[in-house]
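Numbers restart at 1 for each chain; the letters A, B, ... are given by sequence-line order, proteins then strands. Atom set for the values below is all heavy atoms of this structure, side chains included, hydrogens, waters and symmetry mates excluded.
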2 protein chains.
Amino acid sequence: MDIPPIPTGFDAAKLGEVLDGRWAEVRALVRDTLQDTELPPGNDLDVDSHRAWILDQMYRLADSGITQLGFPAEYGGKGDTGGSVVSLEMLAGNLSLMVKSGVQWGLFGGAVVALGTERHHDRYLEPIMSMDLPGCFAMTETGHGSDVQHLRTTATYDPGTEEFVVHTPHESARKDYIGNAAQHGRMAVVFAQLYTAGRDHRVQGHGVHALMVPIRDEDGHPLPGVRISDCGHKAGLNGVDNGRITFDRVRVPREALLNRYGDVEPDGTYRSPIDGESKRFFTMLGTLIRGRISVAGTAGSATKLALEIALRYGDTRRQFENPGTGDETPVLDYLGHQRKLLPALAKTFALHFAQEELVSTLHDVHGSDGRDERAQRELESRAAGLKAVSTWHATQTIQACREACGGAGYLSENQLPQLKADTDVFTTFEGDNTILLQLVAKGLLTHYKDQFDDLGTLGLARYVADQFFGTVIERTAARKLVQRLVDAAPGRDDEDVIFDRGWQLKMFEDREKHVLDALARRLRRATGDDADPFEVFNNAQDHVLRAARVHVDRVVLEAFVAGIERCGESTRTEDRSVAAVLERLCDLYVLSNIEADRGWFLEHERISSRRSKAITEAVNTLCRRIRPHAVDLVEAFGIPRQWLTAPIATGAETTRQENQRVHDRG
Amino acid sequence: MDIPPIPTGFDAAKLGEVLDGRWAEVRALVRDTLQDTELPPGNDLDVDSHRAWILDQMYRLADSGITQLGFPAEYGGKGDTGGSVVSLEMLAGNLSLMVKSGVQWGLFGGAVVALGTERHHDRYLEPIMSMDLPGCFAMTETGHGSDVQHLRTTATYDPGTEEFVVHTPHESARKDYIGNAAQHGRMAVVFAQLYTAGRDHRVQGHGVHALMVPIRDEDGHPLPGVRISDCGHKAGLNGVDNGRITFDRVRVPREALLNRYGDVEPDGTYRSPIDGESKRFFTMLGTLIRGRISVAGTAGSATKLALEIALRYGDTRRQFENPGTGDETPVLDYLGHQRKLLPALAKTFALHFAQEELVSTLHDVHGSDGRDERAQRELESRAAGLKAVSTWHATQTIQACREACGGAGYLSENQLPQLKADTDVFTTFEGDNTILLQLVAKGLLTHYKDQFDDLGTLGLARYVADQFFGTVIERTAARKLVQRLVDAAPGRDDEDVIFDRGWQLKMFEDREKHVLDALARRLRRATGDDADPFEVFNNAQDHVLRAARVHVDRVVLEAFVAGIERCGESTRTEDRSVAAVLERLCDLYVLSNIEADRGWFLEHERISSRRSKAITEAVNTLCRRIRPHAVDLVEAFGIPRQWLTAPIATGAETTRQENQRVHDRG
């Protein structure tokens, strides 16, 4: 098979620059900060000490200036939304610190910025940035996690005192899993169903809104009416103090309402710039998308760190003698070992470029003055899909890395146990992955048209049946380039066509379109007058989730292709050598994806049996080609060196083998 | 599609009896013991306290009589090999205790029984059973884990003093990950390369042998020449004190050699009933197979417990309103949720029957007087394959259960984090799964012929090319039944053929045969005179591993089919209703397996596109049919109630929802 070779002397440092991308300066800032500020994860501590340890680091991080990046310049921040996301993901070696930072500055601070108005910004942003006001983002309830629109905490306006009464009617409405709640938070952004009574005293609901509610006094004691308990020990992230909060008719002033999207006048009159509870709620949620994007990015960084550990170890660890040479074989020379790690490495590169594109879009969409509704919807869909795919990829890859390191990978000193445990919740927090993929699919089905009225499931199905057909599939930023490559793809009979980028793009695009078309047809067929809409949609749920997945696969591939194009366009030799290695990684990403999904491609006669087997062989060949570059490739990720402490990845294995060899020879 | 229904009132207790199987009495004994003896896992303790906690439980377990099951009756045991394996797997709720028990009574005690002779039995078995002599199984070394045949510790015989000198020549030869070593072990079975010098003073090596080496005095201090360090904190199993041991020319008497398969006379003459180092070594290893089988069984139990937690929670937890009914939907009613858990449940049943068959075989083969070499080889292959498949299944399923429980699944109180962390090492200890599957494949290629001479890889490839073709594929105990079902399978055009057991069996059998045939052909083709044998075998490693996997799949299916037949044969109604539910689980096991592997079945034209799609739909239908029985099915596993402590699985969720409903109505 004719695969272009990887230049032996490709410039790993140059690849590092390419990967650092648009926020290279922020990455450099974090790397520099970590050289001056020690922030070791403290995973060997017990829960109480670990929490205290991370709290202390929060103050040090606040002093470093990194955490102000995302706040408005007029309050001492940098107004750099993208940079704030990138800086968080750089904390991959201390995920308790990353998550607690995400809670304080991303979720809590971010909600005040996005949902509040000047009165809140003036009062709260500075103490939030400096950690003088540690806070919580109190959304999730014990009874409602994914279905956050139906949470049960109430905030009822009392015009007599011009206060809101925040109340937890029953245990299901208790705020749960709330970071910063168990010990350190002094205030919480509380999401609650807002009720007002008009002059006729009839109570009206306005849907979910957020209020600033103090929960602890200066000494850290819960305030009257606020009951707080501790979620206790978790699988990981034990440096974060997650807790549960119950409110017993707690009164806060009218001004406590974060009133950008809905306000209550002193007499109890409700006003909002957005009509419709559902649309208002989803608009509010949309402004908080940064947290989800940070989780996707951090999942990526954690995956990179795990791969760096496993690949450095695999490169040096030897097991079993090669009878031909008498030497023991480095385990990464085994095809089985390569297959465990190298397709995952290729996908990690692909997701890196997709994440970079997503962060850029977030930065540009949220940074522009006039809100572009359509761009915002696309951003939300992209964020949901990429968060799901990136966090599942992290879970699978870190697991594979752990296994690839055998017993050594089970020891805490080698970092993989903590990386696995800390990231495990990423697949289900900041939006459960399954729910997120379902959202993506619904968005695709309605072709991103506004679906903010409560269509419900049957409505959706009918809508799909009426309007779906003829939909043009959305393209990423690489639109033109992709079309050019697709148009230039050779005929499908060409044996080497599987290495042609245009053919690959066409395969992903065609799969997405076909899966979506078939889903729409299926829903329409099933939607008779007597059909139970829940059953119709639920019976197709596997198909729905699949549609979202193959959509994300295509989006990721296009981002990867665009990233390669950017360095391939350069005339400088070192850039072209970088492009060449990325090209092979892209081949491996695509072909291992098609291989894993070849059931579909064969079922739908997109590839022949012969080609399917050729693809399996091509994945093997690509693994062999990439293997010699594995260590250079993970080094190029530029994970701060402070985060790489595993003895098996930092020389212990090499030293030991050297001793063994000297002894065996002597 | 015509799938026979599941009887609504099937007898879950009766299913429990079927699952308890041949060692029902042992299972009952453990359940009773756990009612009288509290053995909570103590996972909230720090490492030191956790170790002390588990040590204390070891003494209580020893007092209960359970741990003596596997020892010879003449020393106060029960001689019940199968029972000893089953009793260990019943400790699934306290895996540190299970593993430490496995080390003490399975590995350490088992090695003394299997490799030692009367002098060792007389002296050591009673204190081992009573825990008066805590011990270690010191095989793995820092530099050699999987390639245990090439470990580097030496035991050199000194005829002058009639002693062996046990020595660690360099750091790679250090014993590593050794359970009981860091704190409690007082003696170790040490595996070392045995050297003697004949009368001509020429040193001769005899390969790996095991010796009884004291490592600590009565007060727990390391003995002179023995250096012990601690492996420290691990991902899980922190109640087990894993450590590293280095020997500096430690002298033990000649009688310390466990001399059943090789002995040294006072003058240094070496004698063994088995010629050839390699054959001798593998014979010794073969006697220790019980540990591997225990790990497979325990992986199964841990999977059952995780599924019980996730399915009980999924059955009660509700999220999102069904717009048709206004009620919130139990999450297990969603197809996506069913697909996460129910095919895994079906496979867990399949593996249960395969494990039962494996334990029976172990019991019968090791219990018989005359050793049947061929039966022993088959047992080893079966144990290796099932251990790999069961432990990977545990890792994947427990992960899926964790995710299916969302945030609640991340809290330690709900057990899933600990189950995940504790079982994670199962895929790489007691034989790394990848290595084990490779062993299985090699065994299949050589048609279980004796391969104890050092053929090496090239030899193997040539051997395969010469002799492989025409091999009859081995059948399990269900041989006759399987043939009858296969013969009775309807023609392949029948639409409902996918539910026919004969067709299903034929599919698995045919896949195995084809994958093996193709592998053998591939190896022969690649084996020219100038071919590098390592490259030849390594280039096909993905194919090699696949051959083993599909072999295990077939063995597991046949065991499942035989298990169903046993209760289906009964004329009693309750047995037949149990058989009916097992039939549907078996369908789900087979069809979800084919669905996941439909790439292969389509590539090789074993199924059409149309049938492939029908199989996907059948998996959905089976999930819906089985869903109402999910809780009954997991309850039938009979996991001791003491191990089910997760609040989400023991009523908390139901109570909370009831409160919410009362409030919503009021």
- Item | Closest-packed option against chain B by number of heavy-atom pairs under 4.5 Å, given A:K234, A:R656, A:H543, A:Q657 | A:R656
- Item | Option that, when pairs with chain B are counted at under 4.5 Å, heavy atom only, ranks first among A:A421, A:P417, A:S412 | A:S412
- Message: If we count only N and O atoms by modelled type, under 3.5 Å, do the side chains of A:E658 and B:H170 hold a donor and an acceptor together?
- Response: no
- B:S172 versus chain A, the contacting section by heavy-atom distance below 4.5 Å: both
- Which bit of B:A408 is near chain A, if near means a heavy-atom gap under 4.5 Å: side chain, backbone, both or neither? both
- Query: Which of the residues B:G145, B:P169, B:G232 is involved in the greatest number of heavy-atom pairs with chain A at under 4.5 angstrom?
  - Reply: B:P169
- Item | Side chains of A:H233 and B:D44 in contact at under 4.5 Å (non-hydrogen atoms) | no
- What closest approach, in Å, do A:G599 and B:L602 show between heavy atoms, and which atom pair accounts for it? O-CD1, 3.3 Å
- Option that, when pairs with chain A are counted at under 4.5 Å, heavy atom only, ranks first among B:C623, B:G143, B:C405: B:G143
- Residues forming a side-chain hydrogen bond (donor to acceptor under 3.5 Å, both in side chains) with B:R339, sequence neighbours excluded: B:E595, B:N620
- Item | Interchain contact, B:Q399 with chain A, by part (heavy-atom threshold 4.5 Å) | side chain
- A:T329, part contacting chain B, at a heavy-atom distance under 4.5 Å: side chain
- Task: Name the option with the most non-hydrogen atom pairs under 4.5 Å to chain A; the candidates are B:K420, B:Q418, B:E653.
- Result: B:K420
- Pick one: which of A:R610, A:K613, A:R598 meets side-chain hydrogen bond (donor to acceptor under 3.5 Å, both in side chains) with B:E603? A:R598
- Message: So if I apply the side-chain contact (heavy atoms from CB on, under 4.5 Å) rule between B:Y410 and each of A:N242, A:T428, A:T427, A:L237, which one comes out positive?
- Response: A:L237
- Message: Counting C-beta onward and ignoring hydrogens, is there a side-chain heavy-atom pair between A:Q396 and B:Q396 closer than 4.5 Å?
- Response: no
- Item | Interatomic distance, A:F426 atom CZ to B:E403 atom CD [nearest 0.5 angstrom] | 13.0 Å
- Given that the side chain runs from C-beta out, which part of A:S612 has a heavy atom under 4.5 Å from chain B: side chain, backbone, both or neither? both
- Should B:H150 and A:Q319 count as side-chain neighbours, where that means a heavy-atom distance under 4.5 Å? no
- Toward chain A, the part of B:D542 with a non-hydrogen atom under 4.5 Å: both
- Could you tell me which of B:G236, B:C231, B:A173 has the largest number of non-hydrogen atom pairs under 4.5 Å with chain A? B:G236
- Considering only heavy atoms from C-beta outward, does the side chain of B:T325 approach that of A:F534 to under 4.5 Å? no
- Message: Holding to ring pair (Phe, Tyr, Trp, His ring centres under 6.0 Å), I want the full list of residues that pass it with B:F601, two or more places apart in sequence or in another chain.
- Response: none
- In terms of heavy-atom pairs under 4.5 Å with chain A, the winner among B:L416, B:N43, B:T140, B:N322 is B:N322
- Query: Do the non-hydrogen side-chain atoms of A:E171 and B:H663 ever get within less than 4.5 Å of each other?
  - Reply: no
- Item | Part of A:T395 lying under 4.5 Å from any heavy atom of chain B | side chain
- Which atoms of B:N539 approach chain A - backbone, side chain, both or neither, heavy atom under 4.5 Å: both
- Task: Answer yes or no: is there a donor N or O on one side and an acceptor on the other, between the side chain of A:N538 and the main chain of B:D333, under 3.5 Å?
- Result: yes
- Query: Aromatic ring centroids of A:Y334 and B:F537 under 6.0 Å?
  - Reply: no
- A:T616 versus chain B, the contacting section by heavy-atom distance below 4.5 Å: side chain
- Which portion of B:E328 sits near chain A, non-hydrogen atoms under 4.5 angstrom: side chain
- Which of the residues B:D46, B:L411, B:D424 is involved in the greatest number of heavy-atom pairs with chain A at under 4.5 angstrom? B:D424
- Pick whichever of A:E321, A:K340, A:R317 has the most heavy-atom pairs under 4.5 Å with chain B. A:R317
- Report yes if some heavy atom in the side chain of B:H337 is under 4.5 Å from a heavy atom in the side chain of A:T434; otherwise report no. no
